[in-house]
Amino acid sequence: VLGMYSLTQGCAVFSREQARQRALYPRTEKIEVTLQIPGLQGTLLVMNKGVSTPHSCARHLTEWYVTSSALALVDGNPWPLHQPLTQSCSLSLLTFKDTDPLLVNQAYWRSCAALLGQVLEDAFKEDFSVELIRVPEVLVTSGAFCCDVVLDPQLDAWNPSEESLRSLTRGAQQLIHRDLPWEPLEVVPPVALEVFSHSRCKQEEVEEKSAQSPKGTVMLYRCGDHVLLSGGPLVARTGLCSQYEVTAIHPLGEGEWGLHRRAQGLSLPFQLQAHHTVWRKLRSRAEKLVRKYYLSQF
Amino acid sequence: MRLNIQMLISHGRVARKMGLGPESRINMLRNILTGLVRHERIETTRGRADEVRFYAEKLIDYAKKGDTDEKAMKMANFWLTEKDLIPKLFKVLAPRFETQPKAYTRMARIPNRENLDKAAMAVLEYKGNPFPPLQTAKRDNELTLINQLLKGYREERAQQAAAKVEA
């Protein structure tokens, strides 16, 4: 598990950077946000620059928009729901039941994998170290989301039993019940390296991502007291998932950092709940090792 | 018989009375059934549609025996008052329902009639008719998360079945 010091240190750096970015807008300036929602086309909202998020725009509408929107599209680009808007733009809120929910599905899969990584980090005792390597971009049709992780060398011979998988599931359900928002923050690489100073592979990932991104910045997400790195936008909050189960942890073999393991899980949002017979069939499929994955352009 | 109160209370009696008597009831049902075979979708009162359903399905069962069968031809002759519908019954409706064992008709309730009687109405139709559907089943979009997961599941099962067939 991450030592308490590195957890709080990462959080402290994140909060500091968040406060600094908010202080860049000392005076409230207004921006105009045009809504592109079916039924409310062309509605103009006057929001605050650098402070208002798509979530606050949804709160100006009805409660249904707040609970059901998972991702926002700002000028056609996917935008996390809790990221502040910086200029006048057009906004549309995406749910799970749209005519084209591909972006939302992929973001949901990524968020569930990030949640799995968080649960794994918290699950083990202080003596054992857990390194999250990366979250492979898996297609939704492959049946399960995965999180690659390297456990402490003392646990090389450990294989997860059903009871341990169930306790991991319970940990994830507790996080879901707490309904924590995934707060996004765009930072420059030095700050990100400071946040992940305890983990070498995370630092490498930060360098990779900053090289790939056009602006040279890296997107961090905070959930509760964990700070994560992600390949693309995540959904608004953990409360959107309803059925969540950790299905398997497969060993992948010796890798760069030790024995790589792939933790897999299955989840569905609360608007698309499955009957228990359907859930059982999907779950038995999610226990098999997911080999094919595709790197999306995010 | 003894004239008692029980004769006026109809608790538990399933046989409906229509028209002037039993013969009138059969004639009315015959007319409605002829209209159903001609138009394949008709609108009547709820009670009549429910009664005709039984006879419509039994008529199809008889038609499935083929037009060479003596009993089937007699039945069709009796029940269809317009005789140009007898070839339609044997040549169009019977082949349509060859694969189905039962359930050839569908009844959907509609708002009450606008007349003074405000009768409860229903639409009765033979399945497979050429008109647009009465009630479409609301299906979720194919691209939602759960449908995509199920699609992957179905593809994997198909792959496994194909692999089993080869081996």
Side-chain angles (χ1 to χ4, degrees), chain A residues 38 68 70-71 94-112 138-145 235 240-245 247 264-294, chain B residues 41 46 49-50 53 57 96-112 114 122-167:
Chain A
S68 72
L71 204 60
L94 306 176
T95 66
F96 289 106
K97 289 196 177 176
D98 294 338
T99 36
D100 190 15
L102 292 173
L103 281 173
V104 184
N105 289 348
Q106 212 54 38
Y108 183 74
W109 229 226
R110 244 177 269 128
S111 329
C112 292
V138 192
L139 272 190
V140 171
T141 37
S142 57
F145 50 83
V235 289
L240 281 174
C241 336
S242 81
Q243 293 167 303
Y244 193 107
E245 269 192 53
T247 43
Q264 288 178 197
L266 181 65
S267 170
L268 281 172
F270 76 91
Q271 290 140 337
L272 296 173
Q273 285 180 347
H275 191 253
H276 64 87
T277 47
V278 173
W279 177 258
R280 214 170 288 158
K281 293 187 181 163
L282 291 174
R283 197 191 180 287
S284 61
R285 188 182 172 221
E287 281 167 13
K288 301 180 199 155
L289 179 63
V290 166
R291 287 177 201 283
K292 292 192 285 189
Y293 55 87
Y294 302 92
Chain B
R41 181 187 281 181
R46 236 168 253 177
D50 197 48
R53 258 191 121 172
E57 304 200 343
R96 189 195 286 179
F97 298 118
E98 247 175 61
T99 47
Q100 282 171 312
K102 316 186 207 185
Y104 313 118
T105 55
R106 190 183 287 127
M107 188 168 110
R109 299 190 291 180
I110 51 182
N112 291 358
E114 297 303 317
V123 164
L124 188 64
E125 61 169 14
Y126 273 121
K127 290 183 185 171
N129 62 66
F131 307 117
L134 281 173
Q135 287 159 323
T136 42
K138 256 199 297 190
R139 295 223 103 116
D140 247 350
N141 187 9
E142 176 61 40
L143 298 168
T144 54
L145 189 68
I146 186 169
N147 284 342
Q148 289 280 288
L149 285 170
L150 286 171
K151 184 176 131 191
Y153 176 80
R154 258 180 264 130
E155 278 169 8
E156 198 176 303
R157 290 279 288 220
Q159 267 175 10
Q160 281 174 352
K164 228 187 226 180
V165 163
E166 272 175 40

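Below, chains carry the letters A, B, ... as their sequence lines are ordered, and counting in each starts from 1. Because the structure is predicted, anything quoted here is derived from the model rather than measured.
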Interchain contact, Gln148(B) with chain A, by part (heavy-atom threshold 4.5 Å): both

If I compare all heavy atoms of Leu149(B) with all of Leu268(A), which pair ends up nearest, and what's the gap? CD1-CD2, 3.9 Å

If one checks every heavy atom of Lys281(A) against chain B at 4.5 Å, the contacting part turns out to be both

Scored by heavy-atom pairs under 4.5 Å with chain A, the best of Glu156(B), Arg157(B), Glu155(B) is Glu156(B)

Could you check if a side-chain atom of Leu145(B) sits within less than 4.5 angstrom of a side-chain atom of Trp109(A), using non-hydrogen atoms only? yes

Quick one: what part of Ser267(A) sits under 4.5 Å from any heavy atom of chain B, side chain, backbone, both or neither? backbone

Correct closest heavy-atom pair for Thr144(B) and Asn105(A) would be C-ND2, 3.9 Å

Of the backbone (N, CA, C, O) and the side chain (C-beta and beyond), which part of Val104(A) lies under 4.5 Å from a heavy atom of chain B, both, or neither? neither

To the nearest 0.5 angstrom, please state how far the CD1 atom of Ile146(B) sits from the NE2 atom of His275(A). 11.0 Å

Structural part of Asp98(A) lying under 4.5 Å from a heavy atom of chain B: backbone

A quick test of your reading: do over 12 heavy atoms of other residues, nucleotides or ligands sit less than 6.0 Å from NZ of Lys151(B)? no

Atom CZ of Arg96(B): over 12 foreign heavy atoms under 6.0 Å: yes

Could you check whether atom CD of Gln160(B) has more than 12 heavy atoms from other residues, nucleotides or ligands sitting under 6.0 Å from it? yes

